[in-house]
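The figures that follow rest on heavy atoms only: side chains count, while hydrogens, waters and symmetry mates do not.
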Amino acid sequence: MKHRILDVPFAYNLKGMKKGQRKDRDFIRETSISVKIPCPTDAEAPVALVCHRRGRWDDSVRHPVRDYRVHEGRLYRPIDVEAGYDKPDRQVSVDALAAAVAARQDGSDNLLEFGARRGWWDYKDKLKAAAELGDALIVSSSEEEQVAAQIRRKAEELIFVDGKVYRETAEPMYVVKHGHFEHRIGAEITDLDRIEGPKDVAVHFRADQLPEVLEAIAARFGRRELQFDAERPATFKAYVPDWIEVREGFEHVLTYRHDQTPQFLAAVDRAVTAVGKHLADQPIPVLLAYGELRDAYRAEAHASGLADLAGTLCDALGDEVFDARQLREELEKYRIAPVADAPAAPSPKA
């Protein structure tokens with residue numbers, strides 16, 4: 001496999017003084033390091049997933065396809081850069097990256113930028129002061145090694161394929177949410193590592209779960225009569241403007257498996273606390289069901305063992321009780337999770 005060597009100039013902060021001074025001052029110096037970027041072929045970094053991207057408002061603007069590649073067991077994606085509201089996004093090329101790095105440009109093309117920036121108001125003054133002192137500068141601390149290490153780390157995340165820059169990424173996920181969709185409900189594609197907090201089986205879906213995404217949207221909107229067809233983008237593009245095609249033979253790159261247990265246990269905790277405040281007003285069936293669930297929860301029973309007890313409490317309380325409705329909703333989510341190890345569903349074509 002070929003590699004490309006890039007010389008990366010950078011600047012770094014340091015503190016020091018000249019002989020005879022008592023107090024450190026801030027300075028800046030410039031230097032450079034070389035990094036090596038792998039340049040695999042199509043065969044060495046095959047396309048595993050394809051994200052078809054459309055203009056959100058209409059079909060007059062179509063963003064370039066985002067192809068996810070697999071290389072040495074790691075997943076990579078191109079770097080998309082917004083070009084304007086009415087223009088398609090562009091993807092960072094190897095030539096653009098090399099030019100931006102060589103010129104130390106601030107911007108989206110310079111993926112290796114780190115350290116002191118030329119645009120800082122005091123950059124030139126600190127750089128000039130360090131140059132004037134030269135070897136007379138007694139350095140007490142320097143960020144040179146830390147900045148160089150960060151640049152090398154950034155470089156280790158990159159590969160060059162067919163003239164484009166790809167960066168290591170987590171697998172893409174569908175996230176059902178409110179936003180600028182038809183009727184303000186739809187799904188966006190987000191990298192797994194960018195999803196904060198606990199995952200929800202009714203909100204977060206793997207890239208091969210487009211049918212489940214469409215069903216979740218219909219259920220959230222209360223419109224199960226919506227005629228979605230997961231193999232016909234025209235039927236759902238107003239709700240899911242971007243969608244993912246899983247290439248045959250690459251289903252294994254989708255490693256995420258959902259676990260609804262934390263959310264279910266949190267729901268049990270809320271129910272035990274809320275119902276426990278009003279036990280004096282509850283009938284015997286509720287008291288019995290509550291006691292069994294509370295004791296099992298406090299004994300740290302496994303979630304699977306709490307599920308039936310939670311269901312019994314919900315039945316005893318009745319669906320008209322708010323606490324019961326909340327607990328039952330989380331119970332139903334828990335029972336359909338985690339995601340089974342099933343093959344990828346048929347993917348729509350562009």
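- Between Glu245 and Arg247 there is a salt bridge, since a side-chain N of the basic residue sits under 4.0 Å from a carboxylate O of the acidic one.
- Classified by interplanar angle (parallel below 30°, tilted 30° to 60°, perpendicular above 60°), the ring pair His258/Tyr256 is perpendicular.
- By the 4.0 Å N-to-carboxylate-O rule, Glu113 lies close enough to Arg117 to be salt-bridged with it.
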Acceptor/donor pairs from residues 280-297 side chains to any protein atom, 3.5 angstrom cut, sequence neighbours excluded:
residue, atom, partner, partner atom, Å
Tyr290, OH, Val272, O, 3.0
Tyr297, OH, Asp269, OD1, 3.0

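- Separating the NZ atom in Lys126 from the CZ atom in Phe27 is a distance of 10.0 Å, to the nearest 0.5 Å.
- For Glu157 and Arg153, the salt-bridge test passes: some basic side-chain N is under 4.0 Å from an acidic carboxylate O.
- Taken together through direct or relayed side-chain contacts under 4.5 Å among Ile, Leu, Val, Met, Phe, Trp and Tyr, Leu14 and Ile33 form part of one hydrophobic cluster.
- Salt bridge status for Lys164 with Asp67: present, with a side-chain N to carboxylate O gap under 4.0 Å.
- Remark: the Arg69 side chain and the Tyr166 side chain contain an N/O donor-acceptor pair separated by less than 3.5 Å.
- Between Asp191 and Arg77, at least one side-chain N (NZ, or NE/NH1/NH2) sits under 4.0 Å from a carboxylate O, which counts as a salt bridge.
- Ser34 is linked by a side-chain contact (heavy atoms from CB on, under 4.5 Å) to Ile5, Asp7, counting only residues two or more places apart in sequence or in another chain.
- Ion pair Asp308/Arg335 flagged as a salt bridge, since at least one NZ, NE, NH1 or NH2 atom sits closer than 4.0 Å to an Asp/Glu carboxylate oxygen.
- Under a 4.0 Å N-O distance rule, the pair Glu171/Arg206 does not qualify as a salt bridge.
- Applying the ring pair (Phe, Tyr, Trp, His ring centres under 6.0 Å) rule to pairs touching residues 264-287 yields Phe264-Tyr334, sequence neighbours excluded.
- Note: Phe228 and Tyr239 meet the aromatic proximity criterion, with ring centroids under 6.0 Å apart.
- Between the side chains of Gln91 and Asp80, at least one donor N or O lies within less than 3.5 Å of an accepting N or O.
- Using a 4.0 Å cut-off between charged nitrogen and carboxylate oxygen, Asp323 and Arg270 do not count as a salt-bridge pair.
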